[in-house]
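For reference, the structure is listed below as structure tokens.
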Amino acid sequence: MLNKYARAFFTRVLTPFAAFLLRRGVSPDTVTLIGTAGVVAGALVFFPRGEFFWGTIVITLFVFSDLVDGNMARQAKISSRWGAFLDSTLDRVADAAIFGGFALWYAGKGDNDMLAAVAIFCLASGQVVSYTKARGEAIGLPVAVNGLVERAERLVITLVLAGLAGFRVTFGVPHIDVLLPIALWVVAAGSLVTIVQRVVTVRREAAEADAAAQHLQESEATS
């Protein structure tokens with residue numbers, strides 16, 4: 001849902017910057033790699049130490065690379081299967097680092113095994129959400145459903161509330177550290193719902209495709 005509107009807005013905003021990078025000879029793949037490295041560093045350096053505000057700032061600065069690299073590829077007319085594969089693969093790496101950082105915090109100084117487990121579930125379920133669509137499309141199905149919580153929603157919910165929760169430590173604002181646990185529970189529940197939505201959709205589409213193929217075979221056999 002956020003993908004549809006946010007991508008259109010940020011594409012317009014970031015187009016001049018993408019054009020500037022192209023003029024400087026920077027490739028889309030380079031932007032993808034640097035962006036992922038920045039997100040991973042921000043998540044694994046700051047989050048396990050409980051520095052959610054600064055971690056969120058660093059991640060936010062680099063997470064827009066996901067939009068910049070695609071914009072650059074379109075402007076330069078160099079879109080490729082390799083670029084799409086690299087971008088999608090490194091998105092999974094970045095997501096794993098973010099939720100892994102939260103899990104490390106709660107397993108360590110955060111001292112909350114339940115929330116550490118929820119963060120790990122968010123990490124795993126986010127990968128499964130992506131896999132269900134990719135695998136369904138790989139076997140020739142349209143997977144005509146996005147689901148309740150896609151990657152954009154997971155990142156916005158988690159990073160916004162984590163950044164706000166970081167004010168407690170960084171600026172001494174009380175009573176908002178509960179925001180990160182809320183974000184993790186919401187993302188975990190939303191991801192589970194999304195997985196179910198996609199699995200149900202793939203099951204229906206597979207049944208329809210199998211029935212259509214069987215009907216075609218029977219028609220050819222009797223003709």
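Values reported hereafter were calculated over all heavy atoms of this structure, with side chains retained and with hydrogens, waters and symmetry mates removed. Since we're looking at a predicted model, the values are computed, not measured.
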For a quick test of reading the model, state the closest non-hydrogen atom pair linking [X] to [Y] and the distance between them.
| X | Y | answer |
| --- | --- | --- |
| Val129 | Arg154 | CG1-NH1, 3.8 Å |
| Phe62 | Ile34 | CD2-O, 3.8 Å |
| Phe121 | Ala188 | CE2-O, 3.4 Å |
| Ala107 | Ala116 | N-CB, 3.9 Å |
| Met72 | Val31 | SD-CG2, 3.5 Å |
| Val149 | Gly190 | CG2-CA, 3.5 Å |

Test log, rule side-chain contact (heavy atoms from CB on, under 4.5 Å), inputs Val118 and Trp185: CA-CA 7 Å; Val118 174; Trp185 280 108; 3.6 Å; yes

Partners meeting side-chain hydrogen bond (donor to acceptor under 3.5 Å, both in side chains) with Ser80 (sequence neighbours left out): none

Under the side-chain hydrogen bond (donor to acceptor under 3.5 Å, both in side chains) test, residues paired with Arg92 that sit two or more places apart: Ser88, Ser130

Could you measure the distance from the [atom1] atom of [X] to the [atom2] atom of [Y]? Nearest 0.5 Å is fine.
| X | Y | atom1 | atom2 | result |
| --- | --- | --- | --- | --- |
| Leu159 | Ile57 | CG | CD1 | 10.0 Å |
| Asp29 | Leu86 | CG | CG | 5.0 Å |
| Leu179 | Ile157 | CG | CD1 | 12.5 Å |
| Leu44 | Arg49 | CG | CZ | 12.0 Å |
| Thr32 | Asp91 | OG1 | CG | 8.5 Å |
| Arg74 | Thr15 | CZ | OG1 | 7.5 Å |

For the hydrophobic clusters of this structure (ILVMFWY residues joined by side-chain heavy atoms under 4.5 Å, transitively), does one cluster hold both [X] and [Y]?
| X | Y | answer |
| --- | --- | --- |
| Phe20 | Val68 | yes |
| Leu115 | Ile120 | no |
| Phe64 | Leu90 | no |
| Met114 | Leu192 | no |
| Val199 | Tyr131 | no |

side-chain hydrogen bond (donor to acceptor under 3.5 Å, both in side chains) contacts in which one or both residues fall within residues 120-129, not counting sequence neighbours: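 Every candidate side-chain hydrogen bond (donor to acceptor under 3.5 Å, both in side chains) pair involving residues 120-129 fails, so no pair, neighbours aside, qualifies.
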
Closer than 3.5 angstrom, by distance alone: can the side chain of [X] be matched with the main-chain N or O of [Y] as a donor-acceptor pair?
| X | Y | value |
| --- | --- | --- |
| Lys133 | Val143 | yes |
| Glu153 | Glu150 | yes |
| Thr194 | Leu148 | yes |

Pair Leu180-Tyr106, side-chain contact (heavy atoms from CB on, under 4.5 Å): steps then yes or no: CA-CA 11 Å; Leu180 179 55; Tyr106 284 116; 3.5 Å; yes

Within 6.0 angstrom of Arg203 CZ, more than 12 heavy atoms from elsewhere: no

Evaluation steps, side-chain contact (heavy atoms from CB on, under 4.5 Å), between Val40 and Val93: CA-CA 8 Å; Val40 170; Val93 173; 4.1 Å; yes

No-hydrogen, no-angle side-chain donor-acceptor test under 3.5 Å, Asp210 and Gln214: no

Ring geometry between Trp105 and Phe52 (parallel below 30°, tilted from 30 to 60°, perpendicular above 60°): perpendicular

Geometric class of the Phe99/Phe102 ring pair [parallel <30°, tilted 30-60°, perpendicular >60°]: perpendicular

Non-hydrogen side-chain atoms of Val39 and Ile98 separated by less than 4.5 Å: yes

Step-by-step side-chain contact (heavy atoms from CB on, under 4.5 Å) determination, Leu155 to Asp95: CA-CA 8 Å; Leu155 290 180; Asp95 293 356; 3.9 Å; yes

